[in-house]
Amino acid sequence: MDRTFVICKPDAVERGLAGEIVARLERKGLRLVAAELRAIDAETAATHYEEHRERPFFTELVEFITRSPALLLVVEGPADTWSVVRALVGATDPKAAAPGTIRGDLALDVPANLVHASDSASSAEREIRLFFPGL
Ligand code: IDP
Ligand code: MG
């Protein structure tokens with residue numbers, strides 16, 4: 001079995017869509033290993049989004065992801081679970097995301113695109129360690 005990291009971002013919790021997102025992951029056959037509603041602090045957010053530090057939207061992104069509690073998840077599935085979850089989540093820009101995906105069905109804009117999901121096996125490992133160091 002393999003694991004990946006998912007965040008139901010503040011917009012998902014605010015809109016009451018965290019359950020819908022968890023349900024989609026579970027219906028796919030993935031299993032919850034950890035789940036915690038947590039207000040992400042600015043330092044952790046900056047570390048998490050380190051790869052985007054030089055992007056013009058970095059400040060907006062950190063403010064968004066820290067604005068209210070997010071639902072942090074570790075999910076378990078077959079090899080390369082990260083890629084299964086990314087397929088369910090859809091393209092970064094919800095306007096371009098395919099219908100049937102979480103972003104394609106339920107969101108319209110960035111940065112409020114409902115979900116973060118690790119984009120590789122190494123990102124999954126790094127992000128699980130950052131948010132759930134005890135796991
Ligand atoms: P991903 O979440 O699909 O992996 P990334 O390119 O890693 O997409 O970007 C991280 C997050 O930054 C996105 O999910 C979105 O919330 C936000 N974001 C991406 N591009 C923009 C932008 O052009 N303006 C504002 N926010 C953005
Ligand atoms: Mg990314």
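Start at 1 and go down the list; that is how both ligands and their atoms are numbered. Everything numeric in this text was worked out from a predicted model, so none of it was measured. Heavy atoms only: backbone and side chains are in, while hydrogens, waters and symmetry mates are out.
Within the structure, the closest approach of D119 to ligand 1 does not fall below 4.0 Å when heavy atoms are considered.
Under 4.0 Å from ligand 1, not a single heavy atom of H116 appears. Residue N113 touches ligand 1 through its side chain alone, judged by heavy-atom distances below 4.0 Å.
Among the atoms of P111, some N or O lies under 3.5 angstrom from an N or O of ligand 1. Considering backbone and side-chain N/O of T92, one or more are found under 3.5 Å from N/O of ligand 1.
Close approach of ligand 1 to E60 (heavy-atom distance below 4.0 Å) involves ligand atoms 25 (C).
One option in R86, R55, R103, H52 has a heavy atom closer to atom 6 (O) of ligand 1 than any other, and that option is H52.
For atom 22 (C) of ligand 1, the nearest non-hydrogen atom of the protein is F57 CD2, 3.5 Å. Nearest non-hydrogen protein atom to atom 17 (C) of ligand 1 is L61 CD1, 3.8 Å.
Checking side-chain atoms of R86 against main-chain N and O of A117 turns up a donor-acceptor pair under 3.5 Å. Remark: the backbone N or O of I128 is not paired with any side-chain donor or acceptor of R3 at under 3.5 angstrom. Side-chain atoms of D41 come within 3.5 Å of backbone N or O of T44 as a donor-acceptor pair. Using a distance-only test at 3.5 Å, with no hydrogens or angles considered, a donor-acceptor pair links the side chain of R103 to the main chain of V115.
Using a 30° and 60° split on the angle between ring planes, F57 and H52 fall in the tilted class, from 30° to 60°. Under the 30°/60° scheme for interplanar angles, the aromatic rings of H48 and H116 are found to stand perpendicular.
Of the charged side-chain nitrogens involved, none lies within less than 4.0 Å of a carboxylate oxygen, so that K9 and D11 do not count as a salt-bridged pair.
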